[in-house]
K.L.:
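Following this message is one structure expressed as structure tokens.
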Amino acid sequence: MYTESHQQSGSSVVDPILEVRNASVTFDMDRGESRVLDETNMDIDREEVLGIVGESGSGKSMFASALLDAVVQPGRLSGSVRYHPEDGEPVDVTSLPEDQLKSFRWEHISMVFQGAMSSFNPTTTIETHFKETLLAHDTDVEEGLEHAREILSDLYLEPDRVLNSYPHELSGGMTQRALIALSLVLEPEVLVMDEPTAALDLLMQRSILELLKDLKSKYDLTLVFITHDLALISELADRLAVMYAFDFIEIGPTEDLLDHAAHPYTRALLNAVPNLEAPIDRMEPIDGAAPDPVNVPEGCRYHPRCPLADSTCRESDPGFYDATDTHDVACHHWETAQTEIPLSLDDGQDGEASADVSATWSDHQDEDPLVSMESIEVHFGDDDGPLSGYFSESETVRAVDDVDLNIYENDVVALVGESGCGKTTLGKTAVGLQRPTGGSITYRGQDIWDAKDGNGDVSVPFTDIRRALQIIHQDPGSALNPYHRVHTTLAEPLKRWYPKLDKQERKARIYGMLKTVGITPAEDYAQRYPHQLSGGEQQRIALIRALLMNPDLILADEAISALDVSLRVETMDLMLELQDRFDTSFLFISHDLSNARYLAEKADGRIGIMYLGELVEIGPVEQILQNPKHPYTKALRWATPNLVEEDRTEMPMRTIDIPDPVDPPSGCRFHTRCPEAREVCAEQTPTLETSDHCASCFRTDDSHEYWDSPSLTDDT
């Protein structure tokens with residue numbers, strides 16, 4: 001069946017709690033009307049989990065704001081949003097007076113925003129936030145706080161500790177869970193979550209998803225979960241709704257939509273998601289860019305990027321077709337798309353990419369390392385200032401502790417671990433941006449800090465070392481000077497390191513690099529400011545700036561985590577292409593195993609796993625993923641979102657939260673969370689042996705006394 005206009009609203013919905021009809025959000029701009037939500041329709045079923053996915057700027061967050069009539073001025077919301085309480089008459093949310101709307105937003109529909117820290121007042125305790133919310137809604141404070149303690153406990157938090165803390169005293173995961181508890185304290189029926197786990201590590205993301213399942217069941221919640229991460233939400237959502245260019249283009253049950261995606265954009269999005277199951281040579285970026293909200297294409301708004309587009313697509317906006325009774329798609333060629341655009345996951349073998357887990361990493365074993373780190377320690381303390389010791393005891397954070405790592409010519413090493421594990425500190429140490437407090441680091445046999453300080457016989461000047469070791473930061477927007485045009489930003493390093501180049505030679509080199517990374521016309525982009533570039537374009541400029549130095553090693557510190565999922569494969573492909581061209585090595589920092597797998601496997605590199613300042617496992621990519629030796633690596637593997645349906649085992653950790661790095665556990669630092677821990681793990685520290693694939697875990701030694709030691713997990 002075909003629907004003439006975008007009136008589809010969820011054909012599988014039986015008992016709608018929310019009905020959205022013709023919802024539009026517009027902003028007046030100098031160059032025209034910006035329509036960031038375009039006559040959108042949706043029914044949301046009571047007690048379902050609806051996952052909303054799409055690229056940045058597709059309208060996901062505007063849809064969330066529309067559900068609460070919370071569009072920020074000067075935006076205008078038109079259309080209707082009807083809320084159906086379990087008891088009582090339907091409520092037209094967009095017609096509520098301001099005082100009723102404020103009550104409605106907390107008591108019936110509540111929202112969890114992406115940045116938990118920015119949602120809290122940093123000058124007041126968490127308990128004060130709960131009290132203010134309860135008082136504002138004329139709710140008994142004592143009863144409300146008791147309910148808050150119950151929710152915090154459900155979220156595996158210590159209620160009294162959290163309530164008495166200021167936001168900055170909690171970790172990112174704890175802050176996010178506290179915000180979820182705050183949003184539920186007035187017992188709403190609907191919880192809208194806008195990228196609630198985007199800033200969190202894999203393990204915390206996975207843990208929060210598991211907790212949300214429990215909360216939904218206990219409190220009879222309806223969840224609207226907005227994300228750009230298809231793999232993440234696929235394990236929680238009952239239905240998925242894909243947004244493109246400010247409207248929904250495909251809606252259906254999660255399993256059906258993933259297995260039988262019918263819209264070319266949805267299929268392209270699935271193929272662009274780095275994951276652990278699909279063959280890496282089948283993952284590919286989406287060509288082109290999303291449309292400007294001021295100038296949306298006529299006809300199907302995806303047609304400029306679609307390989308199946310024809311004159312019908314360019315002239316006629318498709319309504320919704322019934323792919324099945326419960327699966328709707330806005331595409332004229334949806335049947336053709338399922339055969340003409342194959343899914344990368346279809347090439348996997350029983351849900352996993354083929355792998356030779358017996359493969360060894362030996363290409364560089366006979367070479368001298370480019371950068372060598374031996375027994376590296378980086379400890380941060382507060383005992384160096386003139387007032388140290390006056391107000392509190394000094395504390396030392398052992399950010400990196402006794403790490404050995406060699407990086408070779410044309411090498412790729414991906415370091416993976418939770419926030420605070422020391423991977424960025426180790427990376428900055430590797431490129432000479434962080435002085436170690438112990439151990440040594442050499443570049444081509446020359447101690448970097450001896451060269452810096454002029455100690456001994458310096459064979460490689462520090463200026464050469466500084467040029468050879470470069471960094472790409474996580475947020476390209478903040479790494480680029482907002483007051484400098486692209487040409488100025490790229491000319492500065494050339495002026496410093498290649499002063500003999502004249503103006504025309506610098507210009508030719510800059511334009512040549514812009515063309516190399518696909519930023520054309522180079523003459524136009526060279527005159528733009530950073531705010532006039534997309535996130536992907538900004539990251540390319542940052543990459544060019546590093547490569548203009550002709551470096552031997554680039555530290556890519558979470559260099560793709562701020563990019564849309566559809567841009568990540570494209571950016572990593574570009575990094576690998578440039579590596580081949582310039583013979584550059586990469587030290588790639590990530591909290592995402594899927595991204596690490598894609599880059600390292602394509603480059604025949606290695607993955608290293610860090611935990612609380614220590615390198616606990618390192619080896620060839622497929623051995624790390626398919627035959628992990630360390631329990632922490634197994635936990636990261638478990639936490640990695642899956643596009644292929646599988647039976648998810650229980651969390652392979654005893655606790656969610658990472659220990660305090662100021663006071664790390666004795667012995668093996670993972671023993672407080674490890675499900676396999678025994679008494680010897682708390683008493684002795686395992687070492688990382690030198691081999692192709694090694695792990696610092698007693699379980700790798702069949703003759704170790706670990707096997708006769710009493711278990712620590714029996715009484716937990």
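Treat the numbers as computed from the prediction; the structure is a model and nothing was measured.
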K.L.:
For Thr633, which residues count as a side-chain hydrogen bond (donor to acceptor under 3.5 Å, both in side chains) partner, sequence neighbours excluded?
P.N.:
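Thr633 satisfies side-chain hydrogen bond (donor to acceptor under 3.5 Å, both in side chains) with Glu617 only.
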
K.L.:
Measure the shortest side-chain to side-chain distance between Asn271 and Leu343 over non-hydrogen atoms and say whether it is less than 4.5 angstrom.
P.N.:
yes

K.L.:
Measure from the side-chain N and O atoms of His327 to the backbone N and O of Thr324, and report whether any donor-acceptor pair falls under 3.5 Å.
P.N.:
no

K.L.:
Does any pair with a residue in residues 532-553 pass ring-ring contact (aromatic ring centres under 6.0 Å, His included), and if so which ones, sequence neighbours excluded?
P.N.:
none

K.L.:
Between the side chain of Thr254 and the main-chain N/O of Ser234, is any donor-acceptor distance below 3.5 Å?
P.N.:
no

K.L.:
To check you understand the geometry: which heavy-atom pair defines the closest contact between Asn595 and Ser590, and what is its length?
P.N.:
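Shortest heavy-atom separation between Asn595 and Ser590 comes out as CB-OG, 4.1 Å.
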
K.L.:
Between Glu250 (side chain) and Ala262 (backbone), is there a donor-acceptor pair under 3.5 Å?
P.N.:
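Yes.
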
K.L.:
Side chains of Pro551 and Leu469, heavy atoms from C-beta outward: is any pair under 4.5 Å?
P.N.:
no

K.L.:
State, with a plain yes or no, whether a side-chain heavy atom of Ile554 is found less than 4.5 Å away from one of Leu547.
P.N.:
yes

K.L.:
Could you check whether any side-chain N or O of Arg267 sits under 3.5 Å from a backbone N or O of Ala261, counting only pairs where one atom can act as donor and the other as acceptor?
P.N.:
yes

K.L.:
Just checking Asp287: does its CG atom have more than 12 heavy atoms from other residues, nucleotides or ligands closer to it than 6.0 angstrom?
P.N.:
no

K.L.:
Measure from the ring center of His263 to the ring center of Tyr244 and say whether it is less than 6.0 Å.
P.N.:
no

K.L.:
Under a 3.5 Å cutoff, is there a donor and acceptor pairing between the side chains of His260 and Gln338?
P.N.:
no

K.L.:
Tyr525 ring centre to Arg528 NZ or CZ under 6.0 Å, with the angle to the axis within 45°?
P.N.:
yes

K.L.:
For Thr424, what residues pass the side-chain hydrogen bond (donor to acceptor under 3.5 Å, both in side chains) criterion, not counting sequence neighbours?
P.N.:
Asp557

K.L.:
What residues, two or more places apart in sequence or in another chain, satisfy side-chain hydrogen bond (donor to acceptor under 3.5 Å, both in side chains) together with Asp292?
P.N.:
Arg31

K.L.:
Is there side-chain contact between Ile280 and Met283, with at least one heavy-atom pair below 4.5 Å?
P.N.:
yes

K.L.:
Using only atom types and a distance under 3.5 Å, with no angle test, would you say the side chain of Lys423 pairs donor to acceptor with the backbone of Gly417?
P.N.:
yes

K.L.:
Thr571 and Gln539: side chain to side chain donor-acceptor pair (under 3.5 Å), yes or no, with the steps?
P.N.:
CA-CA 8 Å; Thr571 303; Gln539 196 60 282; over 6 Å; no

K.L.:
Go through the structure and list residues passing side-chain hydrogen bond (donor to acceptor under 3.5 Å, both in side chains) with Thr700, not counting sequence neighbours.
P.N.:
none

K.L.:
Can you measure from CD1 (Ile52) to CE (Met193) and round to the nearest 0.5 angstrom?
P.N.:
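Output value for this atom pair is 13.0 Å.
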
K.L.:
Go through it in stages, so that I can follow the logic: the residues are Glu570 and Arg540, the test is salt bridge (Lys or Arg N to Asp or Glu O under 4.0 Å), and I'd like the CA-CA distance, side-chain angles, deciding distance and then a yes or no.
P.N.:
CA-CA 11 Å; Glu570 179 181 17; Arg540 291 181 184 209; 2.4 Å; yes

K.L.:
What are the two closest heavy atoms between Ile472 and Ala542, and how far apart are they?
P.N.:
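Heavy atoms only, the tightest pair is CG2-CB, 4.1 Å.
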
K.L.:
Would Leu514 and Ile541 satisfy side chain to side chain contact (heavy atoms under 4.5 Å, CB included), going step by step from the backbone distance to the final call?
P.N.:
CA-CA 8 Å; Leu514 287 170; Ile541 298 302; 3.6 Å; yes

K.L.:
For the pair Lys629 (side chain) and His693 (backbone), establish whether a donor and an acceptor sit closer than 3.5 Å, ignoring hydrogens and angles.
P.N.:
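Yes.
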
K.L.:
Quick one: do Thr266 and Trp334 satisfy side chain to side chain contact (heavy atoms under 4.5 Å, CB included)? Show the steps, please.
P.N.:
CA-CA 11 Å; Thr266 307; Trp334 66 273; over 6 Å; no

K.L.:
Does any part of the side chain of Asp247, heavy atoms only, come nearer than 4.5 Å to the side chain of Arg301, both counted from C-beta?
P.N.:
yes

K.L.:
Once rounded to the nearest 0.5 Å, what's the spacing between atom CG of Leu308 and atom OH of Tyr302?
P.N.:
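If we round to the nearest 0.5 Å, Leu308:CG and Tyr302:OH are 9.0 Å apart.
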
K.L.:
Within the distance-only criterion (no hydrogens, no angle test), does the side chain of Asp229 pair as donor or acceptor with the backbone N or O of Thr227 below 3.5 angstrom?
P.N.:
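No.
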
K.L.:
Is Asp411 salt-bridged to Arg606, going by a charged N under 4.0 Å from an acidic O?
P.N.:
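The answer is yes: the pair qualifies as a salt bridge.
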
K.L.:
Tell me, with the steps shown, if His630 and Ile609 meet side chain to side chain contact (heavy atoms under 4.5 Å, CB included).
P.N.:
CA-CA 9 Å; His630 199 284; Ile609 307 296; over 6 Å; no

K.L.:
Any side-chain heavy-atom pair from Gln579 and Asn410 closer than 4.5 angstrom?
P.N.:
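The answer is yes; the side chains approach within 4.5 Å.
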
K.L.:
Counting only heavy atoms not in Tyr156, do more than 12 sit closer than 6.0 Å to its OH atom?
P.N.:
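No - once you tally the heavy atoms of other residues, nucleotides and ligands closer than 6.0 Å, there are 12 at most.
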
K.L.:
To the closest 0.5 Å, what do you measure between CE (Met62) and CE (Met243)?
P.N.:
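If we round to the nearest 0.5 Å, Met62:CE and Met243:CE are 11.0 Å apart.
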
K.L.:
So which heavy atom on Asp404 is nearest to which on Leu615, and how close?
P.N.:
O-CD2, 3.8 Å

K.L.:
Kindly determine whether Glu55 and Tyr265 satisfy side chain to side chain contact (heavy atoms under 4.5 Å, CB included), including the steps that lead there.
P.N.:
CA-CA 10 Å; Glu55 294 170 281; Tyr265 174 70; 3.0 Å; yes

K.L.:
State the CG-CD1 distance between Leu636 and Ile624, to the nearest 0.5 angstrom.
P.N.:
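It is 10.5 Å, given to the nearest 0.5 Å.
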
K.L.:
Between Gln205 (side chain only) and Thr197 (backbone N and O only), is there a donor and an acceptor less than 3.5 Å apart?
P.N.:
yes

K.L.:
Can you run down the salt bridge (charged side-chain N to carboxylate O under 4.0 Å, His left out) pairs that involve residues 572-582, sequence neighbours left out, and say none if there aren't any?
P.N.:
Asp573-Lys602

K.L.:
What's the spacing between Ile249 CD1 and Cys300 SG if we round to 0.5 Å?
P.N.:
8.5 Å

K.L.:
Specify whether Tyr611 and Phe670 have parallel, tilted or perpendicular ring planes, treating 30° as the upper limit for parallel and 60° as the lower limit for perpendicular.
P.N.:
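The rings of Tyr611 and Phe670 stand perpendicular, inter-plane angle above 60°.
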
K.L.:
Identify the two heavy atoms, one from Ile658 and one from Glu418, that lie closest to each other, and give their separation to 0.1 Å.
P.N.:
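Distance-wise, the nearest heavy atoms are CD1-OE1, 3.9 Å.
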
K.L.:
Salt bridge between Lys213 and Glu235, side-chain N to carboxylate O under 4.0 Å?
P.N.:
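Salt bridge: no.
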
K.L.:
Under 4.5 Å between any side-chain heavy atoms of Arg568 and Pro274, yes or no?
P.N.:
yes

K.L.:
For Glu195 and His228, indicate whether the former's side chain and the latter's backbone hold a donor-acceptor pair under 3.5 Å.
P.N.:
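Yes: the side chain of Glu195 pairs with the backbone of His228.
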
K.L.:
Can you measure from OG (Ser594) to CG (Asn275) and round to the nearest 0.5 angstrom?
P.N.:
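It is 6.0 Å, given to the nearest 0.5 Å.
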
K.L.:
Write down the atom of Pro264, the atom of Cys331, and the distance for their closest heavy-atom approach.
P.N.:
CD-SG, 3.5 Å

K.L.:
Could you check whether any side-chain heavy atom of Cys697 comes within less than 4.5 Å of a side-chain heavy atom of Pro631, counting everything from C-beta outward?
P.N.:
yes

K.L.:
If you compare all heavy atoms of Met373 against all heavy atoms of Asn406, which two are closest, and at what distance to 0.1 Å?
P.N.:
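Closest pair (atom of Met373, atom of Asn406, distance): N-OD1, 4.1 Å.
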
K.L.:
Treating Glu409 as the side-chain partner and Asp583 as the backbone partner, does any N or O pair qualify as donor plus acceptor under 3.5 Å?
P.N.:
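Looks like no, no N/O pair under 3.5 Å.
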
